[in-house]
Amino acid sequence: MSEKIAFVGAGIATSYTLIPFLESLSTKKMDKKIELFIIDKSQDFYKGMPYGNRSGKSVLLIQDLKNFITEPHRTHFKNWLNANIDTLSEEFMKNGGQYATQWVEKNSPLYKKDQWDDLYIPRFFFGKYIDEEVRKRLDTLVASNKVSITYVQKETVGIKKNDDKFHIAFEDATAIETDKVILSIGSLPYKKLYNDTIKNNNTALYIKEPYGVGMEENMNQITNFIKNRKKQGLKTKIAVLGANASGLEMIYKICDKLPIKEYDTTFKTLSSHGVMPDGTFDAEKAKQFKAKHLQSLAEADNLSASEIAEAAHKDIDEAEKIGLGAATTVGIISKGFGALLPKLSKEELLNFACFHGNQIGRRQRCAGNHYLSVVEELTNLKRFEHLKGRFVGLTENQDGLSMKYKTGESSDSKESSENFNIVINCLGSVNLTADDLSPFLKSLVNEGLCRPNPSKIGFHVDENMQASKNLFIAGPLLAGNQIEDKIFWHLEHCARIIWSSSVLSKKLMTSI
């Protein structure tokens, strides 16, 4: 007798569900064998897109290590880094450009003294670590015959349920049957902004998403395009749609591959808030700044989610008026509204998670100065500009791609357009009600296996983290839910994924 469990998607939510689950299995007397099926369309098993090959080996964490991963995991990871750093740093420099070499030269005096916490480390370091952590636990249990493991590198196109069994179908018309499914596919697919075929490959290049075909493949396309234009004496204008982590990474990587002073490239980013992420923490101003509007609600009863959100936005407005960025205020604002959330009813807590948390977060984006210093250098050379507006559309013309966007408030908006040679889509993901949602996700809803919650970016789950019986949700698709005593408006943060996945592992163990 055996229990068949399929993980659809093999990123870090799967890894951090498996680690405690496998540890529990190793100490529990089982009357049946566990058959695990790990399914992913890529080769990045256990690493996922951010920490695997699709992101490449020369991009860094968007947070410093102390804010990236919680204890006791951080100490364990640092011990692994200390044991492997020589090989890791060599691999990093081999795959990176000038910035990779500079990173090692600048930070090696720190990490050689075990001073990791304030560093923005290369992301693939973590991918290698987590892969090892999962596989060594699996190897032990497979050797003891408690677990079997089957890897399926195929794209999942549908899941159906018949007689309490899940029928998982793949793009090559094959299928498997399992007793349980953990849906752990990461973030929702990127928005599709331009579907036409480029007619003139010398004047126009469109990158539909940063990581889909892989960061390095995208970089090869971009660098070859820019180099070819330089040979012809042509400048290259680049538009990056979205002022977020992936947008910053694309600018950083292009300038890493093609040094700023050697290539005549100009950059513009477009975002609705018109604010770039912030990386400068001002310790003195942090002591002086108070979230006064949030503090004013401290004695109030019967608060609503919208009242807390309104106060948070007012405090952010106050910070922006005095030139204080998110790197300084994010902790203060978060602590301010975090102290008020326990005053909310369960319904209002979910309203905050579904409708307000992400809106506040979009105004409180932070990034490391390794990325922002590149933007600063481009700005000083008058080769970078940030546009505040909303994307409307793209059309190809003889000079490249004409981008239309709207500026101003919706009631008084003005449409503008500008030509670019390269346009990179980093505008983010579709939601679960979008017309261009993937057929796989649509089928989950149509089959009645999953139901979008009001956030439209996550599926509703019950107290056991099930979208329906024996179909569990892990990772970003948990957005808009309350899990135990915590609410989640997004789960892109590694610490949140670790915590929610540890809870899921217990739920899964109990269900066997």
Side-chain angles (χ1 to χ4, degrees), residues 1-40 45-48 51 68-84 126-152 164-166 176-184 461-467 469-475 478 483-486 491 494-512:
M1 184 179 178
S2 67
E3 182 97 353
K4 295 182 178 181
I5 304 173
F7 285 80
V8 179
I12 62 165
T14 286
S15 296
Y16 276 105
T17 302
L18 279 172
I19 287 172
F21 179 70
L22 295 170
E23 289 174 348
S24 296
L25 282 178
S26 67
T27 59
K28 184 176 180 180
K29 187 175 181 180
M30 301 292 292
D31 58 1
K32 53 186 171 182
K33 186 174 183 176
I34 303 298
E35 295 184 53
L36 293 175
F37 295 84
I38 312 297
I39 303 163
D40 203 288
F45 288 101
Y46 306 126
K47 305 172 186 177
Y51 312 103
F68 170 68
I69 189 172
T70 50
E71 292 290 6
H73 308 282
R74 184 165 70 249
T75 293
H76 194 280
F77 181 35
K78 288 192 291 187
N79 291 337
W80 180 90
L81 285 168
N82 288 331
N84 294 278
F126 184 70
K128 281 182 171 287
Y129 161 78
I130 198 63
D131 180 65
E132 286 185 17
E133 289 297 299
V134 177
R135 289 182 190 272
K136 70 182 181 183
R137 289 167 172 80
L138 274 172
D139 289 346
T140 300
L141 288 171
V142 169
S144 66
N145 205 36
K146 280 190 171 185
V147 167
S148 69
I149 180 78
T150 301
Y151 292 99
V152 182
D164 292 329
K165 297 284 186 181
F166 291 96
I176 60 172
E177 275 197 345
T178 66
D179 301 294
K180 291 179 171 59
V181 172
I182 294 85
L183 186 65
S184 180
V461 297
D462 64 15
E463 65 276 8
N464 292 313
M465 299 174 71
Q466 299 174 121
K469 187 176 180 182
N470 287 326
L471 195 159
F472 299 84
I473 305 294
L478 285 169
I483 302 168
E484 294 191 344
D485 62 340
K486 300 181 187 295
L491 283 99
C494 189
R496 295 187 184 102
I497 289 176
I498 292 173
W499 185 86
S500 61
S501 297
S502 69
V503 175
L504 175 57
S505 71
K506 295 174 186 175
K507 307 288 188 184
L508 184 60
M509 196 73 204
T510 301
S511 74
I512 296 174

Could you state the interatomic distance from [atom1] ([X]) to [atom2] ([Y]), rounded to the nearest 0.5 Å?
X: F21; Y: T14; atom1: CZ; atom2: OG1; value: 12.0 Å
X: I34; Y: D179; atom1: CD1; atom2: CG; value: 9.0 Å
X: S15; Y: Y51; atom1: OG; atom2: OH; value: 11.0 Å
X: F45; Y: I39; atom1: CZ; atom2: CD1; value: 9.0 Å
X: S500; Y: E484; atom1: OG; atom2: CD; value: 10.5 Å
X: K180; Y: F166; atom1: NZ; atom2: CZ; value: 9.0 Å

Please check if the distance between the ring centroids of F7 and F37 is under 6.0 Å.
no
Return yes if some donor-acceptor pair links the side-chain N/O of [X] with the main-chain N/O of [Y] below 3.5 Å, else return no.
X: S501; Y: A13; result: yes
X: D462; Y: N464; result: yes
X: N82; Y: K78; result: yes

Those residues that, when tested against S144, pass side chain to side chain contact (heavy atoms under 4.5 Å, CB included) (two or more places apart)
L141, K146
Hey, are the side chains of [X] and [Y] touching, using non-hydrogen atoms and a 4.5 Å cut-off?
X: W499; Y: I483; answer: yes
X: T150; Y: V152; answer: yes
X: K33; Y: N145; answer: yes
X: S184; Y: F472; answer: no
X: Q466; Y: L471; answer: no
X: Y46; Y: L18; answer: yes

Heavy-atom pair with the smallest gap, counting every atom of [X] and [Y]:
X: A467; Y: V461; value: N-CG1, 4.2 Å
X: V134; Y: L22; value: O-CD1, 4.3 Å
X: K47; Y: G127; value: CG-O, 3.4 Å
X: P20; Y: S502; value: CG-CA, 4.3 Å

Matching residue for I5 among N470, I182, V147 - test: side chain to side chain contact (heavy atoms under 4.5 Å, CB included):
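Exactly one option meets the side chain to side chain contact (heavy atoms under 4.5 Å, CB included) with I5, and it is I182.
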Hey, what's the ring geometry for Y16 with F126, parallel, tilted or perpendicular (30° and 60° as the breaks)?
parallel
Please determine whether side-chain contact (heavy atoms from CB on, under 4.5 Å) holds for the pair L138 and L36, giving the CA-CA distance in whole Å, both sets of side-chain angles, and the decisive distance to 0.1 Å.
CA-CA 10 Å; L138 274 172; L36 293 175; 3.8 Å; yes
Can you name the side-chain hydrogen bond (donor to acceptor under 3.5 Å, both in side chains) partners of E133, sequence neighbours left out?
K136, R137
Below 3.5 Å, can you tabulate the donor-acceptor pairs from side chains in residues 25-32 to any protein atom, sequence neighbours excluded?
unit_1, atom_1, unit_2, atom_2, d
S26, OG, E23, O, 2.6
T27, OG1, S24, O, 3.2
K32, NZ, E3, OE1, 3.0

Kindly determine whether R135 and D139 satisfy salt bridge (Lys or Arg N to Asp or Glu O under 4.0 Å), including the steps that lead there.
CA-CA 6 Å; R135 289 182 190 272; D139 289 346; over 6 Å; no
Should T178 and K165 be marked as a side-chain contact (heavy atoms from CB on, under 4.5 Å) after you check the CA-CA gap, both sets of side-chain angles, and the distance that decides it?
CA-CA 6 Å; T178 66; K165 297 284 186 181; over 6 Å; no
